[in-house]
Structure formats: structure tokens, C-alpha cells
Amino acid sequence: MGERELIDDVAGEPLGRDFFDRPSEVVAPDLLGRVVVHGSVAVRLSEVEAYGGPGQDPASHTYRGRTPRNAVMFGEPGHLYVYFTYGMHYCANLVCMPAGTGSAVLLRAGEVVAGVHTARIRRMPHADGPGMEGLARRVPDRDLARGPARLTVALGLVREHNGTDCCSGGPIQVHEGRPVPPAQVRTGPRTGVSAGADTPWRFWIDGDPTVSPYRAHVPRHRGRTAR
DNA sequence: GAGCTGATGGTCT
DNA sequence: GACCATCAGCTCG
């Protein structure tokens, strides 16, 4: 079975814009078990986080209103919001609610269900050569998309994909996959978020090995320590 | 395995 | 100029 057929087999039909035209905290648990497809790589989501709109959610990029950076979050639902963080990582979100709302769901982790080789090379590009197969194999399958930055790399998403419409038959789509029964969905505080940590808007599949390890927010202290 | 740390640059106040 | 929705690589046990 080729990768295209494999994706069709596990992913099912693409989700329409109506799916995303709902509050992010409603869309988020419904995204678990869904399959994000970009080219030959498909990732089944196991962990997501919901972020609210201006003035509602201090953890959200849109909390202080619209800026050039977060403009995509105020656009149509079903679009991709890709941003750069920590000076070296990209994270991907799916925009929710009607245009102007400013809410989205962060894709935190998932399982690579198709295009494993491609995802592995993206994670370790220097291992794509003769004799380097052993090095590439050092990344366990379950770690390929375990964490928001790793998931973004595995799917091949970059800054240029910011604003991409995932509901118009383009190269990036979200497919129906196999939704997760509510009994298997766990909720808790969001990871690494300093503000709004009391809002239990992190959703993950109970017992799934690809869920990223929880880390509470640790305040950074930089520039003051003697080195 | 857990725990720590350095790397790195865009964004916003 | 402080803050980040992070990760890889290293120690230690």
C-alpha cells in the first residue's frame, strides 16, 4: 500500500469549516483522534490545547487584542496559525469560531500514522545519507510528533504556512480519523503557560504514549545569573 | 528514567 | 529588555 492509500485508509474524509466554527474548548477535545495531513505525512492528534479570545484568556496570543503577529487568529475558522517561539521553534494552531473572535487550538502532540520516514528525516535532516540510517532510527516512533514543536517539524509546517486554509482542498487538511470517546479524553491545566494556568483547557487521550510529558510553567531568569 | 541547562530570536511593553 | 504555548543533550542514579 502506498503512502497516499495509507493516508486515505486511516484518515477518512476531510473536515469542513463548520467543524472549526465552534468555541475552541469544544473543538479541542473533538480534534483528538483526528488526522492532520500535509503531503505524504499524516499525524493522528493525541494532545491539544484551547486558547480563547481577547480579554478572556490571559494565556492566549490574542489576549491583548489584534497585532500583526496574531492577525491570522482573527481570520476565518479552519486556517492555520503558525508562529515562532523560543528563538528556534514553530508551533501550529487551528483557528476556531467566526472571523474576528481570535481563538484557536494548539496542536501539542500526535502519532505519525503515515510518512514515518519523511517525518524522521525532517526531525533529523543530517541523518539523511548513506550509512546514517542508524542515527535516524534513534528517534523513537512515538517521539516523532511528541510536543508542539516536534509535531510542527514532523508535518513539515513552517512560517510560510501561516494563514493557510485547511478547509479548501489545499495541501494541508484535517481529516475525520477516528474520534475519541469522551470517556478516553482527559483534561487538565495547559502546559508551560504562566497565565491562566487554572483553566483546564488541555485535552489528551488517556494513556496514549505520544502525549507530551507535563511540565508546569517555570519562570525564566536570564541575563542576571553570573556565567 | 528524572532533572537540569544552554541555545536562540521574535514580540510586545 | 523581559518574556516566551520548547527541545536536545548532558549528567546522575
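On a predicted model such as this, the values are computed, not experimentally measured, just so you know. Reminder, nothing fancy here: chain letters follow the sequence lines and each chain counts from 1.
- Checked by distance alone, Tyr86(A) brings no side-chain donor or acceptor within 3.5 Å of a matching partner on the base of dA7(B).
- Between Leu107(A) atom CG and dT6(C) atom P there is a gap of 13 Å when expressed in whole angstrom units.
- Within the cation-pi definition used here (under 6.0 Å to the ring centroid, within 45° of the axis), Arg17(A) does not qualify as a partner of Phe20(A).
- Contact check, His61(A) against dA5(C): a side-chain N or O comes under 4.0 Å of OP1 or OP2.
- At the phosphate of dG9(B), neither OP1 nor OP2 sits under 4.0 Å from any side-chain N or O atom of Thr85(A).
- When rounded to the nearest whole Å, the span between CZ of Phe84(A) and P of dG9(B) equals 7 Å.
- Listed by residue number, the members of residues 142-161 of chain A with any heavy atom below 4.0 angstrom from DNA chain B form an empty set.
- A donor-acceptor pair is defined here as one N or O able to donate and one able to accept, closer than 3.5 Å; such a pair exists between the side chain of Arg150(A) and the backbone of Arg146(A).
- Rounded to whole Å, the distance from CD on Glu49(A) to P on dT6(C) is 8 Å.
- The OH-P distance, from Tyr90(A) to dG10(B), rounds to 9 Å in whole Å.
- If you check every strand for non-hydrogen atoms under 4.0 Å, Ser60(A) touches nothing.
- Atoms OH (Tyr83(A)) and P (dG9(B)) sit 18 Å apart, rounded to a whole Å.
- Phosphate contact (OP1/OP2 of dT11(B), side-chain N/O of Arg64(A), threshold under 4.0 Å): absent.
- Looking only at atom types and distance, the side chain of Ser60(A) has a donor-acceptor partner in the side chain of Thr62(A) under 3.5 Å away.
- For Arg69(A), the side chain to side chain contact (heavy atoms under 4.5 Å, CB included) criterion is met by His61(A), Thr67(A), Tyr81(A), Tyr83(A), not counting sequence neighbours.
- Between the P atom of dT8(B) and the CE atom of Met88(A) lies a distance of 7 Å, rounded to the nearest Å.
- Between the P atom of dT13(B) and the CZ atom of Arg69(A) lies a distance of 11 Å, rounded to the nearest Å.
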